[in-house]
Amino acid sequence: MTVTVPTELLVPFHVFVEVFLAYEPPARTGKHIANVLRNASAKRINMFLRWMVRRDSPVDFGLWTNISPADLLIPLDIHVARVARSLGLLARKSNDLKSVTELTGKLKEFRPEDPVFYDYALFGLGVYEEF
């Protein structure tokens with residue numbers, strides 16, 4: 001299963017970047033703001049969305065009830081990507097938005113209502129177990 005990020009979702013990310021950078025933050029700040037139009041994985045934004053949307057979890061707030069967990073994308077970092085590749089869940093070699101959508105699509109095959117459910121397991125294997 002492949003997940004495609006609709007253009008209407010990319011535009012708000014891009015507008016957020018433009019508005020945020022219009023305030024002329026220090027130059028080092030820009031590197032922390034993902035530009036999905038340049039195929040960035042947007043790990044921090046996806047992590048924030050995970051915290052705000054997912055419910056019934058000891059680590060997620062679940063405050064935003066108008067967004068379904070089924071619509072979330074996996075927060076992809078080097079640990080999650082490495083473990084996902086080791087398990088055959090991710091074929092792409094780059095850690096970019098295309099990899100995020102590929103891995104999210106694969107995880108939707110297991111848990112379509114909440115593919116991001118596997119985030120901590122993949123991350124934990126990569127960091128703590130040196131998988």
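In this chain, residues are counted from 1 in sequence order.
- Side chains of N95 and K43 form no contact here, defined as non-hydrogen atoms less than 4.5 Å apart.
- Partners of D114 by side chain to side chain donor-acceptor pair (under 3.5 Å), not counting sequence neighbours, listed by chain and number: R54.
- Remark: the backbone N or O of S41 is paired with a side-chain donor or acceptor of N46 at under 3.5 angstrom.
- In terms of the ring-ring contact (aromatic ring centres under 6.0 Å, His included) criterion, F110 has no residue partners (sequence neighbours excluded).
- Listed here is the closest heavy atom pair of P75 and V116: CD-CG1, 4.0 Å.
- A donor-acceptor contact shorter than 3.5 Å links the side chain of D77 to the backbone of H79.
- Put simply, NZ on K106 and CD1 on I74 are 14.5 Å apart, with the number rounded to the nearest 0.5 Å.
- The cluster map of Ile, Leu, Val, Met, Phe, Trp and Tyr, joined by side-chain heavy atoms under 4.5 Å apart, puts I78 and V127 in different clusters.
- Between P69 and P115, the closest heavy-atom pair is O-CD, 3.7 Å.
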Starting from the C-alpha separation in whole Å, work towards a yes-or-no answer on side chain to side chain contact (heavy atoms under 4.5 Å, CB included) for I45 and L73.
CA-CA 10 Å; I45 293 170; L73 298 172; over 6 Å; no
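- Contact annotation: the side chain of L90 approaches that of R85 to within less than 4.5 Å [non-hydrogen atoms, C-beta and beyond].
- Partners of R44 by side chain to side chain donor-acceptor pair (under 3.5 Å), not counting sequence neighbours, listed by chain and number: H32.
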Go through the steps for L103 and V80 under the test side chain to side chain contact (heavy atoms under 4.5 Å, CB included), then give the verdict.
CA-CA 10 Å; L103 180 55; V80 170; 3.9 Å; yes
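- When all heavy atoms of L72 and T104 are compared, the pair lying nearest together is O-CG2, 3.6 Å.
- With a 4.5 Å cut-off on side-chain heavy atoms, Y120 and R50 count as touching.
- Other residues, nucleotides and ligands contribute only 12 or fewer heavy atoms inside 6.0 Å of the CD atom of E24.
- Inter-residue side-chain proximity for D71 and L49 is flagged as unmet; no heavy-atom pair is nearer than 4.5 Å.
- Nearest heavy atom pair, residue P112 against residue A70, reads O-CB, 3.4 Å.
- Here the shortest heavy-atom pairing between R55 and V53 reads NH1-O, 2.8 Å.
- Between L97 and A40, the closest heavy-atom pair is CB-O, 3.3 Å.
- Side-chain contact between L76 and E102 is absent, with no heavy-atom pair separated by less than 4.5 Å.
- Between the side chain of S94 and the main chain of D96, no donor-acceptor pair closer than 3.5 Å is present.
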